[in-house]
Amino acid sequence: MDKYSYNLILLGGTGAKCGEIFIHMCANGYFQGEKVNILYIDSDDNNGNARNFKRVFELYQNCRQRYMIPQSSNDYFFKPEIELSTVDPVGDKINYFKELIYSGGGKNINNSAKVLMEALYSEEEINMKISDGFFAHPNVGAAVLAANMENIIEVFLKSITQEQADMKKIRIFLLGSVFGGTGAASLPTIARYF
């Protein structure tokens, strides 16, 4: 039994690209763990990197089921079991950033919240549609992630808690870019949360 719990948190499009490469490494026997938990966080799950990552994950699962050879010369060929969870950090309750702060979708605006919002964010950011991503606005994404952190990593934390109960040493890797929207917003927010 593996004494480590390996957990990857993939953030945005760059995280998806890193995840795709990691799955190729698992298929070729370069990762020797028994199991990996992957959490993919992106509000724009229709981007090219996300589609490619999900396609490679599905192919890995199919190949692992059909072609894993118990007596292979490479003991780790398609060996790791990969559990994937995907989360939209925005959720399905809001579409625009202003809806996060303004109650009632902007109709019943608390004056102090409105003043603070206008001081911290540009008008473009306040009216930004966030249901499709943060589009290189990590300050917007960080606020959304901080507001939804419990929902975003709930399933992931349950998995980690179970593995801690099994006396495993927890390893968590955050993969994303500091130059985009989702990754740049998520990396410091999630690292601080943990």
Side-chain angles (χ1 to χ4, degrees), residues 1-89 133-134 136 138 141-142 145 149 152-194:
M1 184 171 122
D2 205 337
K3 66 179 181 176
Y4 293 105
S5 166
Y6 298 101
N7 304 277
L8 274 64
I9 301 178
L10 309 177
L11 309 167
T14 300
K17 194 67 180 166
C18 293
E20 183 182 342
I21 293 165
F22 178 77
I23 290 173
H24 283 289
M25 290 174 62
C26 290
N28 287 298
Y30 290 108
F31 179 73
Q32 300 179 5
E34 294 175 16
K35 182 182 173 191
V36 180
N37 298 309
I38 298 178
L39 173 63
Y40 175 54
I41 300 173
D42 200 346
S43 54
D44 180 15
D45 67 350
N46 223 3
N47 71 65
N49 288 343
R51 284 193 310 269
N52 290 341
F53 166 66
K54 289 175 186 174
R55 184 179 152 272
V56 167
F57 170 73
E58 288 172 12
L59 289 171
Y60 177 86
Q61 297 293 75
N62 289 337
C63 289
R64 187 173 186 273
Q65 270 184 335
R66 294 179 183 165
Y67 306 119
M68 192 170 84
I69 304 166
Q71 302 302 323
S72 171
S73 58
N74 182 347
D75 294 339
Y76 301 104
F77 180 72
F78 282 101
K79 181 177 181 181
E81 174 189 348
I82 300 175
E83 273 195 36
L84 174 65
S85 301
T86 60
V87 177
D88 179 349
F134 303 123
L145 283 151
M149 189 58 69
I152 292 169
I153 60 173
E154 178 183 13
V155 173
F156 192 70
L157 285 178
K158 284 181 184 174
S159 168
I160 291 173
T161 302
Q162 178 57 49
E163 296 203 350
Q164 270 185 319
D166 294 339
M167 303 302 288
K168 291 187 176 183
K169 294 180 182 178
I170 307 299
R171 302 283 189 249
I172 299 174
F173 302 89
L174 299 173
L175 304 167
S177 168
V178 294
F179 297 106
T182 303
S186 304
L187 279 166
T189 309
I190 292 174
R192 182 181 174 105
Y193 179 86
F194 280 117

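Residues take their numbers from the sequence shown, with the count starting at 1. Model, not experiment: these values are computed from the prediction.
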Rounding to 0.5 Å, atoms OH (Tyr60) and CZ (Phe78) come to a distance of 7.0 Å
What's the spacing between Phe53 CZ and Ile21 CD1 if we round to 0.5 Å?
-> 11.5 Å
Where the side chain of Asn7 meets the backbone of Ile172, is there a donor-acceptor pair that is under 3.5 Å apart?
-> no
Is the shortest heavy-atom distance from the side chain of Lys3 to the side chain of Lys168 under 4.5 Å?
-> no
Gap between atom NZ of Lys35 and atom OG of Ser5 - 0.5 Å precision | 7.5 Å
Glu34 and Lys79: CA distance, side-chain angles, deciding distance, salt bridge (Lys or Arg N to Asp or Glu O under 4.0 Å) verdict | CA-CA 7 Å; Glu34 294 175 16; Lys79 181 177 181 181; 5.1 Å; no
How close do Ala185 and Gly141 get, heavy atom to heavy atom, and via which atoms?
-> CB-C, 3.4 Å
For residues Phe173 and Tyr6, establish whether the separation of their ring centroids is below 6.0 Å.
-> no
Side-chain heavy-atom pair Ile38, Leu10 within 4.5 angstrom cut-off = yes
Any sub-3.5 Å donor-acceptor pair from Asn28's side-chain atoms to Tyr30's backbone N or O?
-> no
Where do Ile41 and Ile9 land on the side-chain contact (heavy atoms from CB on, under 4.5 Å) test, with the steps shown first?
-> CA-CA 7 Å; Ile41 300 173; Ile9 301 178; 3.9 Å; yes
Any Asn37 side-chain heavy atom under 4.5 Å of Glu163 side chain | yes
Hey, could you give me the NE2/CG distance between His24 and Leu59, rounded to the nearest 0.5 Å?
-> 8.5 Å
Verify side-chain contact (heavy atoms from CB on, under 4.5 Å) between Val36 and Glu83, making sure each step is shown before the conclusion.
-> CA-CA 6 Å; Val36 180; Glu83 273 195 36; over 6 Å; no
CE of Met25 to CD of Gln32, rounded to nearest 0.5 Å, is 10.5 Å
Should the pair Arg55-Glu58 be classified as a salt bridge under the 4.0 Å nitrogen-to-oxygen rule?
-> no
Stepwise side chain to side chain donor-acceptor pair (under 3.5 Å) check, Tyr40 with Asp42 = CA-CA 7 Å; Tyr40 175 54; Asp42 200 346; 2.8 Å; yes
Stepwise side chain to side chain donor-acceptor pair (under 3.5 Å) check, Asp88 with Ser43 = CA-CA 5 Å; Asp88 179 349; Ser43 54; 4.6 Å; no
Student check: side-chain heavy atoms of Phe156 and Thr161 closer than 4.5 Å = no
Show your reasoning for whether side-chain contact (heavy atoms from CB on, under 4.5 Å) applies to Ile190 and Leu174.
-> CA-CA 8 Å; Ile190 292 174; Leu174 299 173; 3.8 Å; yes
First locate atom OH of Tyr193, then atom CE of Met149, and finally report the distance between them rounded to the nearest 0.5 Å.
-> 7.5 Å
Nearest non-hydrogen partners of Pro188 and Gly183, listed with the distance = CD-O, 4.4 Å
Should Leu157 and Phe194 be marked as a side-chain contact (heavy atoms from CB on, under 4.5 Å) after you check the CA-CA gap, both sets of side-chain angles, and the distance that decides it?
-> CA-CA 10 Å; Leu157 285 178; Phe194 280 117; 3.7 Å; yes
Does the side chain of Val87 reach to within under 4.5 Å of the side chain of Glu154, using non-hydrogen atoms?
-> no
Considering only heavy atoms from C-beta outward, does the side chain of Leu145 approach that of Ile152 to under 4.5 Å?
-> yes
Mind checking whether Lys17 and Leu175 have side chains closer than 4.5 Å, heavy atoms only?
-> no
Ile82 and Ile23, any side-chain heavy atoms less than 4.5 Å apart = yes
Short side-chain to backbone donor-acceptor contact, Asn47 and Asp44, under 3.5 Å = yes
Hey, does the side chain of Arg171 reach the backbone of Leu8 with a donor-acceptor pair shorter than 3.5 angstrom?
-> no
State, to 0.1 Å, how close Thr14 and Ser177 come at their nearest heavy-atom pair, and which atoms those are.
-> OG1-CB, 3.3 Å
Contacts of Glu81 meeting salt bridge (Lys or Arg N to Asp or Glu O under 4.0 Å) (sequence neighbours excluded), chain-then-number -> none
